[in-house]
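Everything numeric in this text was worked out from a predicted model, so none of it was measured. Only heavy atoms go into these numbers, but all of them, side chains included; no hydrogens, no water, no symmetry mates.
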Amino acid sequence: MLRASLALFADFRRALGTRRALLALPGWLVRREFSVMVSEVVSDEAGPAAEPAAPALDWAPLTAADVPLLLALHPALDAARVRGWLDAGHDCVLARPDGEPVHFRTYVTGRVDLPYLGRALALDDGDVLLGQAYTTPALRRRGLLAVAAAWSERHVRERGHRRKVALIARWNEAPRRAAERAGMREIGRAGVLRFGPWRRPFARGAVSFDAAGDLRLPPREG
């Protein structure tokens, strides 16, 4: 728990600076709010887009043998959670420039547990959640995210997904801006208020909780 908390604060500090992180983190522990962003998967009928100039990456599915490497890359994760993803058959990938992983992504379909909300997200057929994503701090702002985004677009298209969904913490400005540049738009917000053991999830905009308590998106256009 302490290791994960320190890793979370480190991410706050890198994204916001020390002063803003110290001010924002206590509020996040009480009110966790996420932008729910979507975009249609782009067809490749117009031909492949130009690749961004960036470091060359080798992409491969995450395996059980890779779990220690992933935990070294992303200290806020824990082994049991990652192995749970693998056991559930989630689409998890690692990117490596020279053997050591520098970027990690997950893609999830169906009914997705959202432990940070204490609820689940019920996705329609054709929807894919762009789940956990993490880049080693040493390579941030050096073009890696643009390369990862281009690869990700091909990846979801090749698997037949038709709509991408992302939940991005409101404090985490850089990923939200990157998602907007990639054509994603916010359709609503979801979060949870936390006071000790008390929890109260909330949703606004075009997203809502159904009778079973699952978070749902509006139907796809067309």
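Annotation: salt bridge (charged side-chain N to carboxylate O under 4.0 Å, His left out) contacts of Asp214 (sequence neighbours excluded): Arg111. Partners of Arg189 under the side chain to side chain donor-acceptor pair (under 3.5 Å) rule, at least two apart in sequence or in another chain, are Glu186. Partners of His161 under the ring pair (Phe, Tyr, Trp, His ring centres under 6.0 Å) rule, at least two apart in sequence or in another chain, do not exist in this structure. Ala60 pairs by the side-chain contact (heavy atoms from CB on, under 4.5 Å) definition with nothing, not counting sequence neighbours. Qualifying salt bridge (charged side-chain N to carboxylate O under 4.0 Å, His left out) partners for Glu153, counting only residues two or more places apart in sequence or in other chains: Lys164. In this structure, Thr136 has no side chain to side chain donor-acceptor pair (under 3.5 Å) partners at least two apart in sequence or on a different chain. By the side-chain contact (heavy atoms from CB on, under 4.5 Å) test, Ala133 pairs with Arg105, sequence neighbours left out. For Ala203, the side-chain contact (heavy atoms from CB on, under 4.5 Å) test picks out Val207, Phe209, Leu215, with sequence neighbours left out. Partners of Arg181 according to the salt bridge (charged side-chain N to carboxylate O under 4.0 Å, His left out) rule, which considers only residues two or more places apart in sequence or in another chain, do not exist here. Partners of Arg159 according to the salt bridge (charged side-chain N to carboxylate O under 4.0 Å, His left out) rule, which considers only residues two or more places apart in sequence or in another chain, are Asp91. Annotation: side-chain contact (heavy atoms from CB on, under 4.5 Å) contacts of Asp124 (sequence neighbours excluded): Asp127, Arg163, Arg216, Arg220. Partners of Asp125 according to the side chain to side chain donor-acceptor pair (under 3.5 Å) rule, which considers only residues two or more places apart in sequence or in another chain, do not exist here.
Between the Arg119 side chain and the Leu114 main chain, no donor and acceptor come within less than 3.5 Å of each other.
Contact detail for Leu70 and Leu62: the closest heavy-atom pair is CD2-CD2, 3.9 Å. What you find for Arg170 and Arg176 is that their closest heavy atoms are O-NH2, 2.9 Å. In plain terms, the two heavy atoms of Pro101 and Leu73 that are nearest each other are O-CD1, 3.8 Å.
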#### Entry: Worked check of side-chain contact (heavy atoms from CB on, under 4.5 Å) between Val36 and Leu121
CA-CA 11 Å; Val36 182; Leu121 170 64; over 6 Å; no

#### Entry: side-chain contact (heavy atoms from CB on, under 4.5 Å) assessment of Thr63 paired with Leu94
CA-CA 9 Å; Thr63 68; Leu94 281 176; over 6 Å; no

### Query
Would Leu193 and Arg31 count as a side-chain contact (heavy atoms from CB on, under 4.5 Å) if you check the C-alpha gap in whole Å, the side-chain angles of each, and the deciding distance to 0.1 Å?
CA-CA 5 Å; Leu193 298 173; Arg31 178 188 175 93; 3.6 Å; yes

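The existence of a salt bridge linking Arg154 and Glu158 is excluded, since no basic side-chain nitrogen approaches an acidic carboxylate oxygen closer than 4.0 Å.
In this structure, Trp85 and Thr106 have side chains that are in contact, with non-hydrogen atoms separated by less than 4.5 Å. For the pair Val102 and Leu57, the minimum side-chain heavy-atom distance is below 4.5 Å.
Using a 30° and 60° split on the angle between ring planes, Trp59 and His103 fall in the perpendicular class, above 60°.
Checked against a 6.0 Å centroid threshold, the rings of Tyr107 and His155 count as neighbours.
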